[in-house]
Amino acid sequence: MEIKHHSSLDNLIEEIEYAVDCIYNKGNIPEKSSINKVNLSKDESKASERVMRINHMGEICAQGLYRGQAAHTKDQNLKMKLYDICNEENEHLKLCNLRLKELNGSSSVLNPLWYLSSYVLGSVAGIKENDWKLGFIEETERQVTDHLKESMKQLPANDIRSKEFLEKISKDEERHRDTVKRIGSNEIPNSIKTGMNISSKIMKKLTSLF
Ligand SMILES: [Fe+2]
Ligand SMILES: [Fe+2]
């Protein structure tokens, strides 16, 4: 197989293109459907929109983290694995985009900021790979799985479709966690875990507002 040699500028352009596509491209979303919409009252629809908007932001962040770590790791096998998982996060993003559109909702205007900050964190994890290996990503996937369980409880009982989407996503996130554990991850310090938890709470709050 031919190995492409990219210059730093090529890499930078590729990363920017991916980020823009991730944040703004609604890619492959079928035209608005009326599935399950009819069953939801205005209030229920609003509640579902809030849940899906936050999960949409989570999928943006996941891709920032994976791309950042992949760009900075020297381990080529790990790099490919990170890109594979990132592709699945992109599928999750499409599901969240689709559901948001069906609910007449919109994504957060802060998403570029969340992508960028996640990318920086992922890059730090990539640079510190000898200490943390994949510990940072393992912890992220663990917190995401917990968050998804909470999200499913917050959905109106009528909103079967959003629940189905989140169940599918949750299964994948659990698998991601197992995958990074298998590749080898070190536990990150508790102070970082707590910091991640607090910052995700702040991000969720801001995302629900803006
Ligand atoms: Fe995901
Ligand atoms: Fe994941």
Side-chain angles (χ1 to χ4, degrees), residues 18-19 22-23 48-70 78 81-100 105 107-108 110-126 132-155 159 162-208:
Y18 188 92
C22 172
I23 298 163
S48 292
E49 186 205 332
R50 212 168 25 240
V51 169
M52 295 314 287
R53 182 183 170 95
I54 289 172
N55 283 291
H56 177 276
M57 174 274 282
E59 299 302 339
I60 297 256
C61 292
Q63 287 171 75
L65 277 178
Y66 281 111
R67 292 289 300 197
Q69 183 153 0
L78 175 58
K81 268 268 177 263
L82 292 171
Y83 285 137
D84 283 348
I85 300 178
C86 194
N87 285 340
E88 290 197 352
E89 306 294 3
N90 196 262
E91 292 304 314
H92 299 167
L93 181 71
K94 284 179 193 161
L95 284 178
C96 293
N97 260 327
L98 169 59
R99 193 59 187 140
L100 264 182
S107 54
S108 168
L110 299 174
N111 282 337
L113 177 66
W114 304 144
Y115 185 94
L116 184 65
S117 50
S118 302
Y119 189 92
V120 171
L121 275 176
S123 304
V124 172
W132 292 356
K133 300 193 192 298
L134 287 160
F136 188 69
I137 293 218
E138 189 199 332
E139 178 61 18
T140 304
E141 295 288 356
R142 192 191 64 75
Q143 292 194 11
V144 167
T145 308
D146 286 351
H147 164 77
L148 281 162
K149 283 185 191 138
E150 273 306 301
S151 293
M152 283 187 258
K153 281 190 220 156
Q154 287 163 5
L155 283 174
D159 192 356
S162 296
K163 189 155 180 267
E164 275 175 9
F165 283 6
L166 294 188
E167 267 165 1
K168 193 240 171 285
I169 293 173
S170 184
K171 277 194 190 120
D172 286 349
E173 312 298 13
E174 275 179 44
R175 191 165 33 77
H176 293 167
R177 190 179 169 207
D178 289 343
T179 305
V180 294
K181 261 165 104 174
R182 232 179 302 119
I183 302 172
S185 65
N186 287 347
E187 202 165 346
I188 54 169
N190 275 335
S191 54
I192 296 183
K193 288 184 189 174
T194 311
M196 285 165 72
N197 216 333
I198 294 170
S199 59
S200 82
K201 279 190 181 129
I202 296 170
M203 286 160 76
K204 283 181 217 166
K205 184 74 198 158
L206 288 171
T207 298
S208 66

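- Taking the side chain to side chain contact (heavy atoms under 4.5 Å, CB included) definition, one finds that Leu113 meets it with nothing, sequence neighbours left out.
- In terms of heavy-atom proximity, Ser118 sits nearest to Leu65 at O-CD2, 3.4 Å.
- Using a 4.5 Å cut-off on side-chain heavy atoms (C-beta onward), Ser191 and Thr194 make no contact.
- Salt-bridge formation is not detected for the pair Glu174/Lys171: no Lys NZ or Arg NE/NH1/NH2 atom is positioned less than 4.0 Å from an Asp or Glu carboxylate oxygen.
- Proximity of Asp159 to Arg99: side-chain heavy atoms (C-beta onward) are separated by under 4.5 Å at one or more points.
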Checking Leu110 against Met57 for the side-chain contact (heavy atoms from CB on, under 4.5 Å) test, could you report, in this order, the C-alpha distance in whole Å, the side-chain angles of both residues, the deciding distance, and whether it holds?
CA-CA 9 Å; Leu110 299 174; Met57 174 274 282; over 6 Å; no

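- Checking Glu141, Glu138, Arg177 one by one against Ser185, the side-chain hydrogen bond (donor to acceptor under 3.5 Å, both in side chains) holds for a single residue, Glu138.
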Take Cys96 and Ile169 through the test side-chain contact (heavy atoms from CB on, under 4.5 Å) and record every step on the way to the result.
CA-CA 10 Å; Cys96 293; Ile169 293 173; 4.0 Å; yes

Side-chain donor-acceptor pairs of residues 195-202 under 3.5 Å, sequence neighbours excluded:
{"unit_1": "Ser199", "atom_1": "OG", "unit_2": "Gly195", "atom_2": "O", "d": "3.0"}
{"unit_1": "Ser199", "atom_1": "OG", "unit_2": "Met196", "atom_2": "O", "d": "3.1"}
{"unit_1": "Ser200", "atom_1": "OG", "unit_2": "Asn197", "atom_2": "O", "d": "3.1"}

Walk me through whether Val51 and Leu166 qualify under side-chain contact (heavy atoms from CB on, under 4.5 Å).
CA-CA 10 Å; Val51 169; Leu166 294 188; 4.1 Å; yes

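- Checking His147 against Glu150 by side-chain atom types alone, no donor-acceptor pair falls below 3.5 Å.
- For Leu116, there are no side chain to side chain contact (heavy atoms under 4.5 Å, CB included) partners, not counting sequence neighbours.
- Listed by chain and number, the residues in a side chain to side chain donor-acceptor pair (under 3.5 Å) with Ser117 amount to none (sequence neighbours excluded).
- One N or O on the side chain of Gln63 and one on the backbone of Glu59 form a donor-acceptor pair closer than 3.5 Å.
- Tyr18 and Tyr115 have tilted rings, their planes meeting at an angle from 30° to 60° on a 0 to 90° scale.
- We find that Asp172 and Arg175 are joined by a salt bridge, their nearest charged nitrogen and carboxylate oxygen being less than 4.0 Å apart.
- Applying the side chain to side chain donor-acceptor pair (under 3.5 Å) test to Glu139 and every residue at least two apart in sequence or in another chain returns Arg142, Gln143.
- Residues Cys22 and Ile60 approach most closely at O-CD1, 3.7 Å, considering heavy atoms.
- Pairing each heavy atom of Leu82 with each of Leu134, the nearest pair is CD2-CD2, 4.1 Å.
- In this structure Glu187 satisfies the side chain to side chain contact (heavy atoms under 4.5 Å, CB included) test together with Lys193, sequence neighbours excluded.
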